[in-house]
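See structure below.
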Amino acid sequence: MLEWLGLPPDESPAVGGPNAPYVQSERLERHQAYANQLLQAGKAYRSFETAAELEQMRQEAEQEGNSYRGYDRRYRDLEPEVAQRRADAGEAHTLRLKVPLEGHTVVQDLLRGAVTFKNSELDDKVLVKSDGFPTYHLAAMCDDHDMGITHVIRAEEWLVSTPIHIQIYRAFGWEEPQWIHTPWLLGADHKKLSKRTGDVSVESYRARGFLPEALINYLGMMGFSMPDQREIFGVQDLITHFSWDRVSLGGSIFDIEKLKWLNGKYIREVLTLEDLANRIWAFAPPTTEKPENFDAVVKMMAQRLETLADFLPKTAYFWSEDFAFTEKALQTLEAGKAILSDLLPQLEGLETLDPTSTHDLFAAFAAEKGLKLGKIMPPLRAAVAGTLESPDLGSLLEALGKERVLTRVRRALA
RNA sequence: GGCCCCAUCGUCUAACGGUUAGGACACUACCCUUUCAAGGUAGUGACGCGGGUUCAAAUCCCGCUGGGGUCACCA
């Protein structure tokens with residue numbers, strides 16, 4: 001999906017890279033070795049309480065009206081030899097980080113500056129679970145260090161766990177990366193975007209007919225603005241003009257309406273007609289064989305689409321005789337039958353239904369009958385398209401072709 | 001509740017001490033027009049509140065209020 005968006009990763013489980021393996025489970029031994037290093041150095045300790053005991057502690061704190069203050073560190077000062085013996089005896093245990101009890105940990109965040117946490121508020125986080133697997137905290141820090149990560153860019157929700165991450169780095173004696181906590185992408189309810197409040201998977205936007213260029217462009221304008229204020233920009237523009245000091249910190253609400261507008265903008269102004277036709281064909285072909293008028297239909301629809309998914313429902317009458325009529329179209333047809341039957345022979349007389357010929361015909365017919373075009377065109381439009389809302393009638397008739405137009409008019413009059 | 005982050009139109013944002021607070025989406029009106037779109041023009045609409053600092057504050061400081069996040073052997 002990142003490839004689809006135009007953001008191929010330099011390294012990943014799929015493409016490989018110099019820091020392989022990239023699958024966390026394949027790095028288990030490294031994580032365990034690192035954990036052991038911390039234990040030997042006295043920076044971490046074995047802890048024997050059960051999950052049930054922890055849950056009980058939490059509930060008791062809640063009943064007393066006090067909010068949970070974190071793990072009570074009951075095994076922090078257990079003699080290492082005793083802990084070792086209990087572990088050797090097979091007693092289930094976790095490995096916890098021995099965070100400093102006093103002083104402060106300062107997170108230097110590139111966007112927010114210095115964020116200070118009291119060490120007394122920190123928790124002795126579990127590094128290795130009782131099943132022997134590392135927690136995210138341990139695994140991610142070890143992997144980041146091993147892989148030479150210089151900038152940790154993640155959402156704001158991670159900010160409060162960063163002091164723990166810094167303490168892990170310090171326990172190992174490693175140099176910290178640059179921390180950057182980005183602002184929220186919110187749903188219409190002003191809360192973290194979720195499935196309830198909007199789609200969160202890139203795939204669902206692809207499936208709904210959004211263009212990757214429009215999606216990445218839209219995402220790029222959430223919490224960021226181009227130096228010259230332009231709103232239409234691509235990944236390459238982002239690469240050349242991005243700077244952290246143009247990132248705003250307030251969370252932004254994902255507005256599907258603006259995404260649709262932007263997508264339509266790409267459809268009608270950025271993509272070439274050829275490109276658009278190819279994408280529509282790949283997204284949802286209306287027929288098995290590409291019809292000869294396909295490109296012409298795409299051309300007349302380009303200004304009327306917000307997403308690729310709009311194409312099929314709006315063009316059904318081009319691909320089949322079995323298209324629906326709207327209520328208004330039926331009424332207009334009924335009221336205009338007389339006009340239509342007078343018009344039919346004249347249409348039959350035309351060599352081809354190109355826009356020039358038909359327009360001339362309508363003008364002459366209108367003059368002869370003393371009618372306005374507004375009386376003549378709607379019934380014809382209704383007869384051939386089943387709707388009163390369509391592209392320009394001239395192009396429409398041409399794309400349909402004389403044969404189909406006449407057939408549909410006759411059918412409407414029958 | 002403790003701790004942490006954040007705060008300009010309904011929404012996305014510009015402004016980096018001095019502007020009639022600008023643009024975009026949406027909305028409304030008008031123009032164009034064979035309908036629908038697209039396009040054009042105009043309009044409605046914001047600096048959360050209170051103190052400072054300063055000749056001057058949306059911009060800097062403090063407090064309040066409001067919103068969000070986080071308090072797992074999940075990430």
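These values consider heavy atoms only, across backbone and side chains, with no hydrogens, waters or symmetry-generated copies. Below, chain A is the first sequence line, B the second, and so on; all start at residue 1.
- Between the CE atom of A:Met300 and the P atom of B:rU35 there is a distance of 17 Å, rounded to whole Å.
- Rounding to the nearest 0.5 Å gives a distance of 7.5 Å between CG of A:Leu305 and OG1 of A:Thr307.
- Rounded to the nearest Å, the gap between the P atom of B:rG23 and that of B:rC30 is 23 Å.
- Using atom C1' as the reference point in both B:rU20 and B:rA46, the two lie 15 Å apart (nearest Å).
- Atom NZ in A:Lys191 sits about 19 Å away from atom C1' in B:rU11, given to the nearest Å.
- Looking at A:Glu306 and A:Lys314, no side-chain N of the basic residue comes within less than 4.0 Å of a carboxylate O on the acidic one, giving no salt bridge.
- B:rU13 and B:rG18 have their C1' atoms separated by 23 Å, given to the nearest Å.
- Between the CD1 atom of A:Ile232 and the C1' atom of B:rC12 there is a distance of 13 Å, rounded to whole Å.
- Using a cutoff of 4.0 Å between basic side-chain nitrogens and carboxylate oxygens, A:Asp189 and A:Lys191 are not scored as salt-bridged.
- Legend: residues meeting ring-ring contact (aromatic ring centres under 6.0 Å, His included) with A:Phe117, ordered by chain and number and at least two apart, are absent.
- Distance noted for atom C1' between B:rG66 and B:rC47: 15 Å (whole Å).
- The local environment of CD in A:Glu368 is crowded, with over 12 non-hydrogen atoms from other residues, nucleotides or ligands closer than 6.0 Å.
- Following rounding to the nearest Å, A:Phe133 (CZ) and B:rC74 (C1') show an atom-to-atom distance of 15 Å.
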Taking protein heavy atoms under 4.0 Å as touching, what does nucleotides 22-33 of chain B look like 5' to 3' if B marks base contact, S marks sugar-phosphate-only contact and - marks none?
-> B-BS--------
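- The base of B:rC36 lies close enough to the side chain of A:Arg304 for a donor and an acceptor atom to sit less than 3.5 Å apart.
- One can place CG of A:Asp124 at 12 Å from P of B:rC73, the figure rounded to the nearest angstrom.
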Give the C-alpha distance, both sets of side-chain angles, the deciding distance and a yes or no for side-chain hydrogen bond (donor to acceptor under 3.5 Å, both in side chains) between A:Asp354 and A:Thr352.
-> CA-CA 6 Å; A:Asp354 61 280; A:Thr352 59; 2.9 Å; yes
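- Residue A:Arg381 is in base contact, counting any heavy-atom pair closer than 4.0 Å across all strands shown.
- The pair A:Lys98-A:Asp124 does not count as a salt bridge, with every side-chain nitrogen at least 4.0 angstrom from each carboxylate oxygen.
- Of the candidates B:rA38, B:rG69, B:rC4, the closest approach to any side-chain atom of A:Glu157 belongs to B:rG69.
- Scanning atom types as modelled, one donor and one acceptor separated by under 3.5 angstrom connect the side chain of A:Ser130 and the base of B:rC73.
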